[in-house]
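Down below is the structure, laid out as structure tokens.
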Protein chains: 2
Amino acid sequence: MPLDRELMRGAGPVAVLKLLERREMYGYELVEALEQRTDGVLAMGQSTLYPMLYNLEGKGLVASRWDDSGPRGRKYYRLTGTGKRRLAADTAQWNAVTGAMRQLGIVGRLAADPARALEYRLAIPTAGLAPSNGLRP
Amino acid sequence: MPLDRELMRGAGPVAVLKLLERREMYGYELVEALEQRTDGVLAMGQSTLYPMLYNLEGKGLVASRWDDSGPRGRKYYRLTGTGKRRLAADTAQWNAVTGAMRQLGIVGRLAADPARALEYRLAIPTAGLAPSNGLRP
DNA sequence: GGGGGACGCTATGCGAGACATAGTATGCCG
DNA sequence: CGGCATACTATGTCTCGCATAGCGTCCCCC
């Protein structure tokens, strides 16, 4: 359920870094977690997530290792020290931007209400259309 | 005081549309209003704002008219009907994204506290550096 | 037993838009 | 009178989401 690409450019990477703050995760697991943990708002397909991970790794914000112990090989990603600092900075920026949007009257003082989140999610343009990038319908 | 370019991609246009929701404004006035109304968080220079306005007009979201009654000509912009609908949709998306970021623990339940906004603004990378695009120092 | 979807990943190119650089013009204040 | 503020236009660079295409194979169900 696609979020506007320009918003995803600002939100996607920091959301991924935040998920990796708690524990290392493999790619496909991140796809699932973004869907589950944000009620689909920040859902992204493999064609978005994997290049994003390569980019984050290229910048030294995450590091990866292969785990071939299961039936399928999995590439696990973890936050680096640089990544943790970047996450802190991005988190501050996101709070600043959210504050600014509130000042303008775009974002309200919204409680962390999943029902409300779903309400807004349904308002997203093209809601219900399944993109052809591997996202679940 | 530059906000990350990727965040501005998502925040800039909707902020401009929101400012035009109340009344028409001319370009330079929008530059000033973005600085004042968001404590500098969404401040942008003329080289960012004008192309953004041309893009919004190209999409039919705003319309412009010249006013030569003063000592300098001013190009006033107003929201179109299409622009109003787009603003409503973008506002919903921003609330959805903010809710998602809150679910992940990136954005907190922040009161509209200008002092807090300033605190976050100071946390923005490169705070204090004056860009060479006409933004005030 | 085999087919198809899920699982897990890689490669590459296109398009959108922030913003830097460069420019023009001139009003106005010290 | 000079410099900064005011007000705008033009163009090119850079970044990154994501589409398209692909490989490999596990596993479930008909």
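Because only heavy atoms are used, hydrogens play no part in the values below, and waters and symmetry mates are left out as well, while side chains stay in.
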| query | Is there a donor-acceptor pair closer than 3.5 Å between any side-chain N or O of A:Gln46 and the backbone N or O of A:Val31? | reply | no
| remark: In numerical order, the residues of residues 6-20 of chain A whose heavy atoms come under 4.0 Å of DNA chain D are A:Met8, A:Arg9, A:Pro13
d([atom1], [X]; [atom2], [N]) in whole Å:
X	N	atom1	atom2	answer
A:Tyr54	C:dA11	OH	P	6 Å
A:Glu32	C:dC7	CD	C1'	9 Å
A:Leu61	D:dC16	CG	P	10 Å
A:Arg72	C:dC7	CZ	C1'	4 Å
A:Glu29	C:dC7	CD	C1'	13 Å
A:Glu57	C:dA11	CD	C1'	16 Å
B:Met52	D:dA10	CE	P	18 Å
A:Asp4	C:dA16	CG	C1'	10 Å

| field | Under 3.5 Å donor-acceptor pair, A:Arg5 side-chain atoms to D:dG17 base atoms | value | yes
| said: Suppose we screen for ring pair (Phe, Tyr, Trp, His ring centres under 6.0 Å). Which residues come up paired with A:Tyr50, at least two apart in sequence or across chains? | reply: none
| What nucleotide among D:dC8, C:dC9, D:dG24 has an atom nearest to a side-chain atom of B:Gln46? | D:dC8
| said: Among C:dG27, D:dA7, C:dT10, which nucleotide has an atom closest to any side-chain atom of B:Pro71? | reply: C:dG27
Can you tell me if [X] touches the phosphate of [N], counting only side-chain N or O atoms and a distance under 4.0 Å to OP1 or OP2?
X	N	answer
B:Tyr26	D:dA7	yes
B:Tyr50	D:dC8	yes
B:Tyr28	D:dT6	yes
B:Thr48	C:dC19	yes

| message | Would you say that B:Thr98 contacts B:Met101 through its side chain, given a criterion of any heavy-atom pair below 4.5 Å between the two side chains? | response | no
Less than 3.5 Å apart, which donor and acceptor atoms pair up between the side chains of residues 60-70 of chain B and the rest of the protein, not counting sequence neighbours?
{"from": "B:Ser64", "atom 1": "OG", "to": "B:Glu57", "atom 2": "OE1", "distance (Å)": "3.4"}
{"from": "B:Ser64", "atom 1": "OG", "to": "B:Glu57", "atom 2": "OE2", "distance (Å)": "2.8"}
{"from": "B:Arg65", "atom 1": "NE", "to": "B:Glu24", "atom 2": "OE1", "distance (Å)": "3.3"}
{"from": "B:Arg65", "atom 1": "NE", "to": "B:Glu24", "atom 2": "OE2", "distance (Å)": "3.2"}
{"from": "B:Arg65", "atom 1": "NH2", "to": "B:Glu24", "atom 2": "OE2", "distance (Å)": "2.4"}
{"from": "B:Asp67", "atom 1": "OD1", "to": "B:Ser69", "atom 2": "N", "distance (Å)": "2.9"}
{"from": "B:Asp67", "atom 1": "OD1", "to": "B:Ser69", "atom 2": "OG", "distance (Å)": "2.6"}
{"from": "B:Asp67", "atom 1": "OD2", "to": "B:Ser69", "atom 2": "OG", "distance (Å)": "3.4"}

| query | Between atom CG of B:Leu20 and atom NZ of B:Lys84, what is the distance when rounded to the nearest 0.5 Å? | reply | 10.5 Å
| task | Hey, could you give me the OH/CD distance between A:Tyr28 and A:Glu32, rounded to the nearest 0.5 Å? | result | 5.0 Å
| said: Below 4.0 angstrom, which residues in residues 74-82 of chain A have at least one non-hydrogen atom near DNA chain C? | reply: A:Arg74, A:Lys75
| note | In A:Leu30, A:Leu42, A:Val14, A:Leu79, the residue satisfying side-chain contact (heavy atoms from CB on, under 4.5 Å) with A:Leu19 is A:Leu30
| note | residues 70-80 of chain B vs side-chain hydrogen bond (donor to acceptor under 3.5 Å, both in side chains), sequence neighbours excluded, gives B:Tyr26-B:Arg74
| task | Quick one: list whatever passes salt bridge (Lys or Arg N to Asp or Glu O under 4.0 Å) with A:Arg9, sequence neighbours left out. | result | B:Glu6
| task | Take B:Leu34 and B:Leu49 through the side-chain contact (heavy atoms from CB on, under 4.5 Å) test and state the conclusion after the steps. | result | CA-CA 10 Å; B:Leu34 285 162; B:Leu49 182 81; 4.2 Å; yes
